[in-house]
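Along the sequence shown, the residues carry numbers beginning at 1. Note that the structure is predicted; figures quoted are calculated from it, not measured. Quick note: numbers below take in every heavy atom, side chains included, and nothing from hydrogens, waters or symmetry partners.
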Amino acid sequence: MGWGDMSFTDSGGTTPPLLFLHGTGCDSADWSPVIDYLPSDQRYLTLDFRGHGNSDVPTELFTFQDLADDVIAFLDGQNIREVVLVGHSLGGMVSMNVASRCSTVVGLVLLEGWTHLKSAGIAFDSDRFYGTLNEADIISIKKKSDETLSRFNPGIWQQFWKSVTTFNGYNWLEHASIPIYEVFGEMGRNDETEHFLHIPPNPYIHIKWISDAGHYLPHECPMEVAEICTEFLTSLNTD
């Protein structure tokens, strides 16, 4: 990459592979509990966004669109012709952008991957962010996030985050013609939640709820996330 090196893993195995894209301040290691529950022959890949995990930290301004460009360049570089993107939070938003421009993507599993960030702030009742995680897990998540964001020049991060807030996937979701699972934790759900999530009616989109879970689905309920991914792949093979 022109900005530096991007860290990734590739298990090898069956196709289409799952490519896991993490949320803000997280990294590929956060997918390990989910991966442990996948079928042993399932091919999976993980990728660290710029400045996250073991990827290099950019020293020049970049935007949300650049993260999606990185994913597309990675898929091309690995000669991957079919892939299912599994994205959590920011990773889900990036997944939508990638899918809108890359025919290699044959499906999406979006784990609280917001249509736009406004959805995150108003769709649920408060006090559900960390769900059922214990104090030690919450401290670990916060520590990793703080350490990750501290790597960036503040001006570079502010410019990037401004670009994230302008993302709106509604129009693409409305016309998408690949299978999509929109997965949410059910904690804090109320009568207005689905309205404020701004997920358009589309027969290709299916909403899944995980009970007793908040935002950090890969951390809180890795087995359920792995089962949803496996179910998704099964549905692709039977359609």
Side-chain angles (χ1 to χ4, degrees), residues 1-58 62 64-113 144 148 169 176 178-183 216-219 221-237:
M1 300 292 177
W3 55 268
D5 292 330
M6 192 161 51
S7 176
F8 71 94
T9 65
D10 184 351
S11 70
T14 59
T15 57
L18 299 168
L19 172 57
F20 292 97
L21 300 177
H22 60 77
T24 307
C26 299
D27 58 34
S28 293
D30 295 299
W31 293 110
S32 294
V34 175
I35 290 166
D36 287 343
Y37 286 106
L38 293 176
S40 59
D41 63 343
Q42 174 60 52
R43 184 184 182 189
Y44 62 84
L45 304 98
T46 66
L47 190 65
D48 288 335
F49 290 137
R50 301 182 185 200
H52 291 68
N54 293 315
S55 289
D56 287 346
V57 181
F62 70 100
F64 173 85
Q65 181 90 4
D66 290 317
L67 294 191
D69 289 344
D70 290 344
V71 175
I72 293 172
F74 169 74
L75 293 171
D76 288 343
Q78 297 301 307
N79 199 31
I80 293 172
R81 294 294 168 250
E82 284 192 341
V83 68
V84 173
L85 301 182
V86 183
H88 173 235
S89 197
L90 171 66
M93 298 165 71
V94 171
S95 295
M96 283 183 256
N97 189 285
V98 171
S100 73
R101 299 187 287 124
C102 180
S103 60
T104 300
V105 180
V106 297
L108 298 179
V109 178
L110 307 176
L111 308 174
E112 303 227 341
K144 179 184 285 189
T148 299
I178 59 172
I180 300 170
Y181 277 7
E182 293 262 15
V183 186
Y216 279 88
L217 300 178
H219 302 74
C221 44
M223 182 175 69
E224 290 86 346
V225 170
E227 288 174 346
I228 286 171
C229 291
T230 302
E231 173 192 314
F232 185 88
L233 290 169
T234 300
S235 70
L236 280 183
N237 292 331

Which atom pair, heavy atoms only, marks the closest approach of [X] to [Y]?
{"X": "F232", "Y": "I180", "result": "CE1-N, 4.1 Å"}
{"X": "P58", "Y": "G51", "result": "CD-N, 3.8 Å"}
{"X": "L19", "Y": "V83", "result": "CB-CG2, 3.8 Å"}

Hey, what do you get for [atom1] ([X]) to [atom2] ([Y]), rounding to the nearest 0.5 Å?
{"X": "L85", "Y": "I178", "atom1": "CG", "atom2": "CD1", "answer": "7.5 Å"}
{"X": "L47", "Y": "D10", "atom1": "CG", "atom2": "CG", "answer": "11.0 Å"}
{"X": "L18", "Y": "L45", "atom1": "CG", "atom2": "CG", "answer": "8.5 Å"}
{"X": "N54", "Y": "F8", "atom1": "CG", "atom2": "CZ", "answer": "12.5 Å"}
{"X": "D30", "Y": "H22", "atom1": "CG", "atom2": "NE2", "answer": "8.0 Å"}
{"X": "S11", "Y": "I35", "atom1": "OG", "atom2": "CD1", "answer": "8.0 Å"}

Is there side-chain contact between [X] and [Y], with at least one heavy-atom pair below 4.5 Å?
{"X": "V183", "Y": "L217", "result": "yes"}
{"X": "P218", "Y": "L111", "result": "yes"}
{"X": "D27", "Y": "K144", "result": "yes"}
{"X": "P179", "Y": "L236", "result": "yes"}
{"X": "V105", "Y": "M96", "result": "no"}
{"X": "F49", "Y": "L21", "result": "yes"}

(request) For the pair V86 and Y44, evaluate side chain to side chain contact (heavy atoms under 4.5 Å, CB included) and give the outcome as yes or no after the intermediate values. (result) CA-CA 10 Å; V86 183; Y44 62 84; over 6 Å; no
(message) Using modelled atom types and a 3.5 Å cut-off, is there a donor and acceptor pairing between side-chain atoms of T230 and backbone atoms of A226?
(response)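 Confirmed, T230 side chain pairs with A226 backbone.
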(request) Check side-chain contact (heavy atoms from CB on, under 4.5 Å) between S28 and all other residues, then give those that pass, not counting sequence neighbours. (result)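 With sequence neighbours excluded, S28 shows a side-chain contact (heavy atoms from CB on, under 4.5 Å) to T46, D48, given in chain and number order.
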(message) According to side chain to side chain donor-acceptor pair (under 3.5 Å), does anything in residues 74-94 pair up with another residue at least two apart or in another chain? List the pairs.
(response)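 Output for this query lists N79-R81, S89-H215.
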(message) Enumerate the side chain to side chain donor-acceptor pair (under 3.5 Å) contacts for residues 32-41, please, sequence neighbours excluded, ordered by first and then second residue.
(response)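 Side chain to side chain donor-acceptor pair (under 3.5 Å) check on residues 32-41 returns no pairs.
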(message) Applying salt bridge (Lys or Arg N to Asp or Glu O under 4.0 Å), can you list everything that pairs with E227, at least two apart in sequence or on another chain?
(response)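 Counting only residues at least two positions away or on another chain, E227 forms no salt bridge (Lys or Arg N to Asp or Glu O under 4.0 Å).
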(request) Apply side chain to side chain contact (heavy atoms under 4.5 Å, CB included) to V98 and M93, showing your working. (result) CA-CA 9 Å; V98 171; M93 298 165 71; over 6 Å; no
(request) Go through the steps for L110 and S95 under the test side chain to side chain contact (heavy atoms under 4.5 Å, CB included), then give the verdict. (result) CA-CA 8 Å; L110 307 176; S95 295; 4.0 Å; yes
(request) Go through the steps to decide whether E231 and Y181 satisfy the test side chain to side chain donor-acceptor pair (under 3.5 Å), and finish with yes or no. (result) CA-CA 10 Å; E231 173 192 314; Y181 277 7; 2.8 Å; yes
Side-chain atoms of residues 67-75: list all donor-acceptor pairs with protein atoms under 3.5 Å, sequence neighbours left out, distances to 0.1 Å.
| residue | atom | partner | partner atom | Å |
| --- | --- | --- | --- | --- |
| D69 | OD1 | R101 | NH1 | 3.0 |
| D69 | OD1 | R101 | NH2 | 2.9 |
| D70 | OD1 | W3 | NE1 | 3.1 |
| D70 | OD1 | R50 | NH2 | 3.1 |
| D70 | OD2 | W3 | NE1 | 3.4 |
| D70 | OD2 | R50 | NE | 2.6 |

(request) For C26 and W31, run side chain to side chain contact (heavy atoms under 4.5 Å, CB included): C-alpha distance rounded to whole Å, both residues' side-chain angles, the deciding distance at 0.1 Å, then the answer. (result) CA-CA 10 Å; C26 299; W31 293 110; over 6 Å; no
(message) Tell me which pairs pass salt bridge (charged side-chain N to carboxylate O under 4.0 Å, His left out) where either residue lies in residues 83-96, with sequence neighbours left out.
(response)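 Non-adjacent pairs meeting salt bridge (charged side-chain N to carboxylate O under 4.0 Å, His left out): zero.
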